[in-house]
Each structure stands twice: as structure tokens, then as C-alpha cells.
Amino acid sequence: VQLVESGGGLVQPGGSLRLSCAASGSIFSNNFIGWYRQAPGKQRELVARVAPEGSTDYANSVKGRFTISRDNAKNTVYLQMSGLTPEDTAVYYCNAPPPWEGIGSSLGRGSWGQGTQVTVSS
């Protein structure tokens with residue numbers, strides 16, 4: 001399974017970005033898909049996930065600011081981020097978290113992609 005993330009960049013505090021994740025393979029349509037992030041010196045953590053039927057979960061740190069969505073016809077997952085702060089600076093990855101793993105997990109069932117860098121700075 002190949003996962004390709006895109007949409008990162010440099011943004012000022014308070015700004016917005018939309019990340020995209022294009023996935024290949026059957027793993028996409030029947031599994032949770034999530035966005036993870038890894039800040040410098042920290043472990044990679046799941047911050048948002050979307051179930052096959054569309055229900056969502058978020059880390060407290062991003063709840064109310066980030067929105068995850070999926071387009072099963074396009075095998076694509078999005079992460080709309082707003083109200084960005086410097087604490088959101090990280091490399092963002094997508095993957096398929098095991099359904100028994102909750103928010104904060106570092107586990108993914110697919111191969112990890114390159115990720116996309118998000119930098120929030122003035």
C-alpha cells in the first residue's frame with residue numbers, strides 16, 4: 001500500500017492549510033484512515049482518524065481546529081487545518097491505524113510515506 005501526502009508548507013500563526021493523502025490499494029476503503037504528526041524530538045502520534053463510514057475522532061490538541069474527511073471514490077483523505085499555532089509544526093503522515101488503536105497511537109498498517117512538512121511561524 002502506497003500513501004502519498006501533500007499540501008504542507010509554511011504558514012503564519014492563525015493560518016490554514018489543507019493536506020491531502022492519496023492511497024493505493026484495497027486498504028483504503030474498508031479501514032480507518034488517520035493523520036499522524038511527528039514534531040522534532042517527539043514520537044509520531046495519531047491526531048485525527050476517520051472510520052470507513054465517516055465518523056471521526058480527534059486529539060484534544062486539534063479538536064475544533066482540524067477536520068478530517070475522506071473521499072472513498074478517489075481513495076483520498078483530507079485534513080483541513082485552521083487556527084494553526086507553532087505547536088502544530090511537524091511532519092504530517094497518513095496511514096491506516098488498527099481499529100483497536102486510539103488517538104495518540106503511533107501504529108499504522110500500511111507503509112509510511114514521506115510525509116508533508118507543516119511549519120507554523122511568523
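Positions are given from 1 along the sequence.
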Contacts under 3.5 angstrom, residues 3-19 side chains, donor-acceptor by atom type, not counting sequence neighbours:
unit_1	atom_1	unit_2	atom_2	d
E5	OE1	G115	N	3.0
E5	OE2	C94	N	3.0

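Proximity of a side-chain donor or acceptor of R49 to a complementary backbone N or O of P97 within less than 3.5 Å is not detected. Formation of a donor-acceptor pair under 3.5 Å by the R44 side chain with backbone atoms of V91 is not found in this model. With hydrogens and angles disregarded, no donor-acceptor distance shorter than 3.5 Å links the side chain of Y78 to the backbone of T67. A donor-acceptor pair under 3.5 Å is absent between the side-chain atoms of S105 and the main chain of G102, judged by distance alone. Here the side chain of R65 pairs a donor or acceptor atom with the backbone of G83 at under 3.5 angstrom. Side chain of T116 to backbone of Y92: no donor-acceptor contact under 3.5 angstrom is found. Between the N95 side chain and the G110 main chain, a donor and an acceptor come within less than 3.5 Å of each other. Of the possible donor and acceptor atoms, one in the side chain of Y58 sits under 3.5 Å from a partner among the backbone N and O of I68.
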Under the side chain to side chain contact (heavy atoms under 4.5 Å, CB included) rule, what do S20 and K74 come out as? Steps first, then yes or no, please.
CA-CA 11 Å; S20 298; K74 296 182 179 180; over 6 Å; no
Would W35 and F66 count as a ring-ring contact (aromatic ring centres under 6.0 Å, His included) here? Give the steps.
CA-CA 10 Å; W35 281 97; F66 290 11; 9.9 Å; no
Please step through side chain to side chain contact (heavy atoms under 4.5 Å, CB included) for the pair E101 and L46, ending with a clear verdict.
CA-CA 9 Å; E101 292 287 327; L46 178 66; 5.9 Å; no
Between V118 and M81, does the side chain to side chain contact (heavy atoms under 4.5 Å, CB included) criterion hold? Intermediate values first, please.
CA-CA 10 Å; V118 172; M81 306 185 294; 3.9 Å; yes
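In terms of heavy-atom proximity, Q117 sits nearest to A90 at NE2-O, 3.4 Å.
Residues V62 and L79 share a single hydrophobic cluster, defined by chaining ILVMFWY side chains whose heavy atoms lie under 4.5 Å apart.
Judged by distance alone, the side chains of Q80 and S82 never bring a donor and an acceptor atom under 3.5 Å apart.
You'll find the side chain of R109 reaches within 4.5 Å of the side chain of P99, heavy atoms only.
Put simply, OH on Y36 and CD1 on I103 are 9.0 Å apart, with the number rounded to the nearest 0.5 Å.
Residue E53 qualifies as enclosed at atom CD: its count of foreign heavy atoms under 6.0 Å is above 12.
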